[in-house]
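Because the structure is a prediction, the values reported are computed rather than measured. Residue numbers start at 1 and run along the sequence shown.
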Amino acid sequence: MESESLVRIGEMARRSGVSVRALRYYEDQGLLQSERSSSGQRYYPARAADTVRFLQDMYAAGLTSRNIAVLLPCLDTGHSTEEQRRMLRRERDRIHDQVSRLRAALRRLDQIIELAERGSDSSATGGTARPS
């Protein structure tokens, strides 16, 4: 084991911004692999932090472990099957729809904040706020 290119699980958790428990979960799901020392300690390649951040992004976007597992070989090889591409397009479209809904919610929140701030400004000066 090359110690300069491999890091312990705690260090990988720190580098990637996830818990040790999350790293173990990713391994259980077949999404991440570690090497084991003779005493059973987990060691990860330093570059695995990028993979972990990718996993976090995909989970945050709502992908399942199964779909993420389908994606990983595409990342490694740069090649995909038609079935993989269909799944990628489906997920992209789902995320795009979700982003559109979130943007609409953000606009509504901005409107509410603007109205509330105008109301606060008016009440401080004795006036009343009216929506425009």
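- The CG atom of Leu88 sits 11.0 Å away from atom CG of Asp93, with the distance rounded to the nearest 0.5 Å.
- With hydrogens and angles disregarded, no donor-acceptor distance shorter than 3.5 Å links the side chain of Arg8 to the backbone of Gln41.
- The two atoms that bring Val70 and Cys74 nearest to each other are O-SG, 3.8 Å, heavy atoms only.
- Atoms OH and OG1, on Tyr44 and Thr51 in that order, are 11.5 Å from each other to the nearest 0.5 Å.
- We find the CD-CZ distance between Glu82 and Arg89 to be 5.5 Å, quoted to the nearest 0.5 Å.
- Rounding to the nearest 0.5 Å gives a distance of 11.0 Å between CD of Glu83 and CZ of Arg85.
- In this structure, the side chains of Asn67 and Met58 stay at 4.5 Å or more apart for every pair of heavy atoms.
- Under the 4.5 Å side-chain criterion, counting only non-hydrogen atoms from C-beta, Leu63 is in contact with Leu71.
- Listed by chain and number, the residues in a side-chain hydrogen bond (donor to acceptor under 3.5 Å, both in side chains) with Gln33 amount to none (sequence neighbours excluded).
- In terms of heavy atoms, Arg15 sits closest to Ala49 at CB-CB, 4.3 Å.
- With contacts defined as side-chain heavy-atom distances shorter than 4.5 Å, the pair Met87/Thr81 does not qualify.
- With sequence neighbours left out, Arg14 forms a side-chain hydrogen bond (donor to acceptor under 3.5 Å, both in side chains) with Glu11.
- The salt bridge (charged side-chain N to carboxylate O under 4.0 Å, His left out) analysis of residues 37-62, with sequence neighbours excluded, yields the pairs Glu27-Arg42, Asp50-Arg53.
- Atom-to-atom distance recorded for Glu91:CD and Ile68:CD1 is 9.0 Å, nearest 0.5 angstrom.
- Qualifying side-chain hydrogen bond (donor to acceptor under 3.5 Å, both in side chains) partners for Ser39, counting only residues two or more places apart in sequence or in other chains: Ser37.
- There is a side-chain donor-acceptor pair under 3.5 Å between Tyr59 and Ser65.
- Of all non-hydrogen atoms in Val20 and Gly10, the two that sit nearest each other are CG2-CA, 4.2 Å.
- Contact detail for Ala46 and Met12: the closest heavy-atom pair is O-CE, 3.9 Å.
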Can I get a per-line list of side-chain donor-acceptor pairs under 3.5 Å for residues 102-112, giving both atom names and the distance, sequence neighbours left out?
none

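- We find the CD1-OG distance between Ile95 and Ser100 to be 12.0 Å, quoted to the nearest 0.5 Å.
- Pairs engaging residues 61-118 under the ring-ring contact (aromatic ring centres under 6.0 Å, His included) rule: none recorded [sequence neighbours left out].
- In terms of heavy-atom proximity, Leu23 sits nearest to Ser16 at CD2-OG, 4.4 Å.
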